[in-house]
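Numbers for residues simply follow the sequence, beginning at 1. Quick caveat, the model's predicted, so the values are computed rather than measured. For the numbers below, each heavy atom of this structure counts, side chains included, while hydrogens, waters and symmetry mates do not.
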Amino acid sequence: MGFSSIGIPGLIIILVIVLIVFGPKKLPEIGSAVGKTFSEFKKSTQGLIDDDDEIKKEKSTSDKKEI
């Protein structure tokens with residue numbers, strides 16, 4: 001069960017509820033904040049992946065030197 005089971009009508013209902021709760025003036029601010037949050041999350045996860053790749057490379061080069 002995930003977002004794939006919501007469907008278009010469910011998304012429209014969620015959008016209407018969000019519009020009622022926050023109002024049309026706040027939606028661009030909220031969208032911008034969500035976008036920045038996802039961007040930071042993506043940068044962080046990419047940094048973790050890069051660090052992991054560096055560790056693996058260092059480990060494989062040290063293993064080759066021992067042989």
Side-chain angles (χ1 to χ4, degrees):
M1 185 177 223
F3 287 114
S4 62
S5 64
I6 292 175
I8 299 296
L11 290 175
I12 292 172
I13 291 171
I14 291 170
L15 182 62
V16 168
I17 291 170
V18 168
L19 187 61
I20 290 170
V21 170
F22 293 109
K25 293 182 181 178
K26 285 282 187 181
L27 282 182
E29 294 174 18
I30 293 170
S32 176
V34 169
K36 288 178 184 177
T37 302
F38 281 138
S39 175
E40 285 295 320
F41 180 75
K42 186 175 179 181
K43 286 179 187 177
S44 298
T45 55
Q46 188 62 40
L48 291 173
I49 291 170
D50 291 343
D51 290 345
D52 190 38
D53 290 343
E54 288 178 17
I55 292 171
K56 287 180 182 178
K57 286 180 184 178
E58 290 175 1
K59 197 173 191 180
S60 67
T61 55
S62 66
D63 289 343
K64 289 178 184 177
K65 289 179 182 178
E66 290 178 5
I67 296 176

Under a 4.5 Å side-chain heavy-atom rule over Ile, Leu, Val, Met, Phe, Trp and Tyr, are Leu11 and Leu15 clustered together?
no
If you group Ile, Leu, Val, Met, Phe, Trp and Tyr by side-chain heavy-atom gaps below 4.5 Å, do Val18 and Ile8 land in one group?
no
Return the NZ to CG distance between Lys43 and Leu48, rounded to the nearest 0.5 Å.
14.5 Å
Min side-chain heavy-atom separation Val16-Ile20 under 4.5 Å:
yes
Could you tell me whether a side-chain N or O of Ser44 sits under 3.5 Å from a main-chain N or O of Glu40, the two making a donor and an acceptor?
yes
Tell me whether Val21 shares a hydrophobic cluster with Leu27, the cluster being built from Ile, Leu, Val, Met, Phe, Trp, Tyr side chains joined at under 4.5 Å.
yes
Is the backbone N or O of Pro28 less than 3.5 Å from a side-chain atom of Ser32, with the two atoms forming a donor-acceptor pair by type?
no
Are Leu19 and Val34 grouped together when hydrophobic residues (ILVMFWY) are joined by side-chain heavy atoms under 4.5 angstrom apart?
yes
Please answer: with hydrophobic residues joined when any side-chain heavy atoms are less than 4.5 Å apart, are Ile12 and Phe22 in the same cluster?
no
Rounded to the nearest 0.5 Å, how far does CG of Asp50 lie from OG1 of Thr45?
9.5 Å
